[in-house]
There are 2 protein chains.
Amino acid sequence: MPLTIGDLGKATNTKVETVRYYERIGLLPKPSRSTGNYRTYGATELGRLSFIRRARDLGFSLDQVRALLGLSDDGTCDCAGIDRIANEHLREVDRKLADLTALRRELKAVIDSCDGGTVAECRIIEALGPTIDG
Amino acid sequence: MPLTIGDLGKATNTKVETVRYYERIGLLPKPSRSTGNYRTYGATELGRLSFIRRARDLGFSLDQVRALLGLSDDGTCDCAGIDRIANEHLREVDRKLADLTALRRELKAVIDSCDGGTVAECRIIEALGPTIDG
DNA sequence: CTTGACCCTGTAGCTGCTACAGACACTAGA
DNA sequence: TCTAGTGTCTGTAGCAGCTACAGGGTCAAG
């Protein structure tokens, strides 16, 4: 029972356009076609797309996904290579978390500076403005 | 002492192309020109661009920056409106932090699942693969 | 035999820049 | 005065990772 692109999309929570996009950039192989020129998919493609989506959900870039798929396609399961990509990504995530945390703290400070009452001057605007010592 | 676009860029840590981009999308007003058709800037523009950059550093979108500038340009300092935008952004940041934290936890779990040794099968690939109950 | 849901290709749009190409302006040194 | 090297100008195209059309073809149900 071959799947249409719509079926595949539903099964993997992916928009049809995105499936075609993945095909275009070479993440998914060109599928076989029905008599009416419809793309037809099977369990293999379903697995591959699930893999891609899961990796994307975990924040891997498409390039990283491509690399993971390449290593995974290797008969030899290059666990070290995969571990390297995953850990690299983890470090990236940690950097982003740190950045975002710092940003939040600063943003909060700016907002709180305005909290004091109904002064005529807006402290947020002031806080966002150019620094005096520039 | 009018500033060239390069001076302005250096003073605000902004690339020249970015300054022109901000002008094109209407964040910065069209500046006056020198005899040689060079853009010339003064303290007002410097202040405005500093404001934009600071807001961008704090993660505000260009649309939000536009709104903040609009409210700030209002003679009446609409502190409530500004506070609303800033707090909305803060909530966004908190959402992102939560998402990223959850992502990190899951990513860590996937990586750790592979940590046990030199098994023939890669647990990362497995963990990324399709769920059985799908 | 028509309606509606799906599919096809190709292209343009989104955010927030960044990077050219090809031409003109200006400054410092020979 | 010439020249080299920097800056600036406009316009356009590119990046990620999709998303959204337009303008058509296909297929199943009633």
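Since this is a predicted model, take the numbers as computed values, not measurements. Every chain is numbered from 1 and lettered A, B, ... according to where its sequence line falls, protein lines coming before strand lines.
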Measure the distance from [atom1] on [X] to [atom2] on [N] and round it to the nearest whole Å.
{"X": "A/Leu8", "N": "C/dC6", "atom1": "CG", "atom2": "P", "result": "15 Å"}
{"X": "A/Leu49", "N": "D/dG17", "atom1": "CG", "atom2": "C1'", "result": "14 Å"}
{"X": "B/Ile5", "N": "C/dA25", "atom1": "CD1", "atom2": "P", "result": "17 Å"}
{"X": "A/Arg20", "N": "C/dT9", "atom1": "CZ", "atom2": "C1'", "result": "8 Å"}
{"X": "A/Tyr21", "N": "D/dA16", "atom1": "OH", "atom2": "C1'", "result": "6 Å"}
{"X": "B/Arg66", "N": "C/dG16", "atom1": "CZ", "atom2": "P", "result": "10 Å"}
{"X": "B/Asp57", "N": "C/dG16", "atom1": "CG", "atom2": "P", "result": "14 Å"}
{"X": "A/Asp7", "N": "D/dA28", "atom1": "CG", "atom2": "P", "result": "13 Å"}

- Task: Would you give the length of the straight line joining atom CD1 of B/Ile5 to atom CZ of B/Arg20, rounded to the nearest 0.5 angstrom?
- Result: 5.0 Å
- Where each residue is assigned the nucleotide of DNA chain D containing its nearest heavy atom, which of B/Thr4 and B/Glu17 is assigned the position nearer the 5′ end? B/Thr4
- Message: Any residue in residues 86-108 of chain B with a heavy atom nearer than 4.0 angstrom to DNA chain C? Just list them by number, or reply none.
- Response: none
- Task: State whether the side chain of A/Glu106 and the backbone N or O of A/Leu103 hold a donor-acceptor pair below 3.5 Å, judged by distance alone.
- Result: no
- Query: Are a donor atom and an acceptor atom from the side chains of A/Ser34 and A/Thr40 found within less than 3.5 Å of each other?
  - Reply: no
- Say whether B/Arg53 and B/Tyr22, considering side chains only, have a donor N or O and an acceptor N or O under 3.5 Å apart. yes
- Do the charged groups of A/Arg91 and A/Asp94 touch, with an N to O distance under 4.0 Å? no
- Item | Residues, nucleotides or ligands: over 12 heavy atoms within 6.0 Å of A/Asn13 CG | no
- Query: Hey, does the side chain of A/Lys15 come within less than 4.0 Å of D/dG17's phosphate (OP1/OP2), counting only N and O?
  - Reply: no
- Note on the structure: Heavy-atom closest pair (A/Pro29 atom, A/Glu23 atom, distance to 0.1 Å) is O-CG, 4.2 Å
- Query: If every non-hydrogen atom of A/Arg56 is compared with every non-hydrogen atom of A/Ser61, which pair is closest and at what distance?
  - Reply: NH1-CA, 3.8 Å
- Message: So if I take residues 22-44 of chain A and measure heavy-atom distances to DNA chain D, which residues fall below 4.0 Å?
- Response: A/Tyr22, A/Thr35, A/Gly36, A/Tyr38
- Message: Going by the rule salt bridge (Lys or Arg N to Asp or Glu O under 4.0 Å), which residues pair with A/Glu17 if we only count those two or more places apart in sequence or in a different chain?
- Response: none
